[in-house]
Amino acid sequence: MFVKVCGLSTAESVREAVEAGADAVGFVLTASPRVVSPSQASSLLAAVPAGVSPIGVFRHEPVADAVAIARAAGLEWIQLHGPRSRQDVAMVHDAGMKLIRAVTMGAAPEEFEDWGEDLLLIDAAVPGSGEAWDYASVAALPALQGRHWLLAGGLDPVNVGGASRAAHAWGVDVSSGVEASRGVKDLAKIRAFVHSAKGADAPV
Ligand SMILES: O=C(O)c1ccccc1N[C@@H]1O[C@H](COP(=O)(O)O)[C@@H](O)[C@H]1O
């Protein structure tokens, strides 16, 4: 199970996610209680070892702006929420970056198709809201079969195993569910989440 922990803003929280076994860490570079500046994100990269992917998260920014901000922060991966096009995917790749394309669980069927992104992410209606949804509703979508895609929205250390199994997800992403209060990460919850998610692959 691929695990991304998002909305990290301190070196301690990055280290906790990495030591727990996270595969990716997310830095929010758009309006959010978890926002960090490009220079803060750049500083946090010192706590990210090779083999863990640091990802810059954006919502409504045009692709060119997201690419420029991520580049300024020293990031090679960006995660784009909001309405996007196949041309946007090509622009990210033309810029030499990798892309997580986020769609909401109620998106039109064509948005779940493979547009060439490196990973698809399926999220609740409002990203970063902590809102759970019917994870099983996407399990049988033909466009997802055999794909590498991440489940997000309302996940936490307790529900991540059942949610990922219900959705047949390849990986998971979390922010609110590992916080003590909005925007403030809880180190014990980060560790518990990563361990629960990784354990969700094991036979029961
Ligand atoms: O976390 C945010 O504040 C955020 C803001 C704008 C776009 C994406 C954001 N985070 C993404 O939202 C989900 C996590 O949701 P939840 O809080 O766990 O329910 C995940 O994909 C984050 O990368």
Side-chain angles (χ1 to χ4, degrees), residues 1-10 13-14 17 22-38 40-41 44 48 52-63 65-66 69-70 73 75 77-84 88 92 98-107 111-112 117-135 138 148-164 166-167 169-186 189-194 196-197 200:
M1 175 70 60
F2 182 99
V3 180
K4 171 172 170 272
V5 181
C6 199
L8 301 176
S9 58
T10 66
S13 61
V14 174
D23 302 283
V25 290
F27 305 128
V28 178
L29 292 158
T30 189
S32 162
R34 298 142 187 141
V35 68
V36 292
S37 67
Q40 284 175 304
L44 291 169
V48 184
V52 176
S53 301
I55 294 164
V57 177
F58 298 88
R59 191 168 182 196
H60 295 305
E61 293 78 4
V63 176
D65 293 355
I69 294 166
L75 298 165
W77 277 84
I78 62 175
Q79 177 175 317
L80 295 178
H81 293 252
R84 301 294 171 179
D88 290 337
V92 174
K98 293 191 172 182
L99 174 65
I100 297 177
R101 181 172 63 90
V103 299
T104 59
M105 80 298 186
E111 292 191 44
F112 293 96
E117 62 276 339
D118 298 280
L119 281 175
L120 184 74
L121 184 150
I122 306 178
D123 198 2
V126 181
S129 64
E131 179 191 341
W133 49 282
D134 178 8
Y135 306 115
V138 296
H148 287 180
W149 67 274
L150 305 182
L151 179 70
L155 299 179
D156 62 35
V158 173
N159 72 6
V160 64
S164 60
W170 175 82
V172 292
D173 186 11
V174 67
S175 192
S176 304
V178 293
E179 291 181 339
S181 59
R182 198 151 175 76
V184 179
K185 289 295 186 274
D186 179 313
K189 288 184 183 176
I190 290 175
R191 184 163 290 267
F193 182 88
V194 177
S196 294

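Sequence positions, counted from 1, serve as the residue numbers for this chain. Start at 1 and go down the list; that is how both ligands and their atoms are numbered.
Looking at Lys98 and Asp118, no side-chain N of the basic residue comes within less than 4.0 Å of a carboxylate O on the acidic one, giving no salt bridge.
Residue-level proximity to ligand 1 for Leu121 is carried by the side chain, the only part with a heavy atom below 4.0 angstrom. The residue Leu150 has no part lying near ligand 1, judged by heavy-atom distances below 4.0 Å. Within the 4.0 Å heavy-atom criterion, both parts of Ser176, backbone and side chain, lie near ligand 1.
Side-chain contact annotation: Lys185 with Ser175, donor-acceptor N/O pair under 3.5 Å present.
Between Gly7 and ligand 1 there is no heavy-atom distance shorter than 4.0 Å.
For ligand 1, one of its N or O atoms has an N or O atom of Gly154 under 3.5 Å away. Residue Arg59 places no N or O, backbone or side chain, under 3.5 Å from any N or O of ligand 1. In terms of polar-atom proximity, Thr30 is not counted as a contact of ligand 1, lacking any N or O under 3.5 Å from an N or O of the ligand. Note: no N/O pair closer than 3.5 Å links Ala152 and ligand 1 by distance alone.
The salt bridge (charged side-chain N to carboxylate O under 4.0 Å, His left out) test applied to Asp156 returns no partner, not counting sequence neighbours. Under the rule for a salt bridge (charged side-chain N to carboxylate O under 4.0 Å, His left out), the partners of Arg191 that lie at least two apart in sequence or sit in another chain are Glu16, Glu19.
Within the 4.5 Å cutoff, side-chain heavy atoms of Trp133 are placed close to those of Val138.
In this structure a side-chain-to-backbone donor-acceptor pair under 3.5 Å is present from Glu61 to Arg59.
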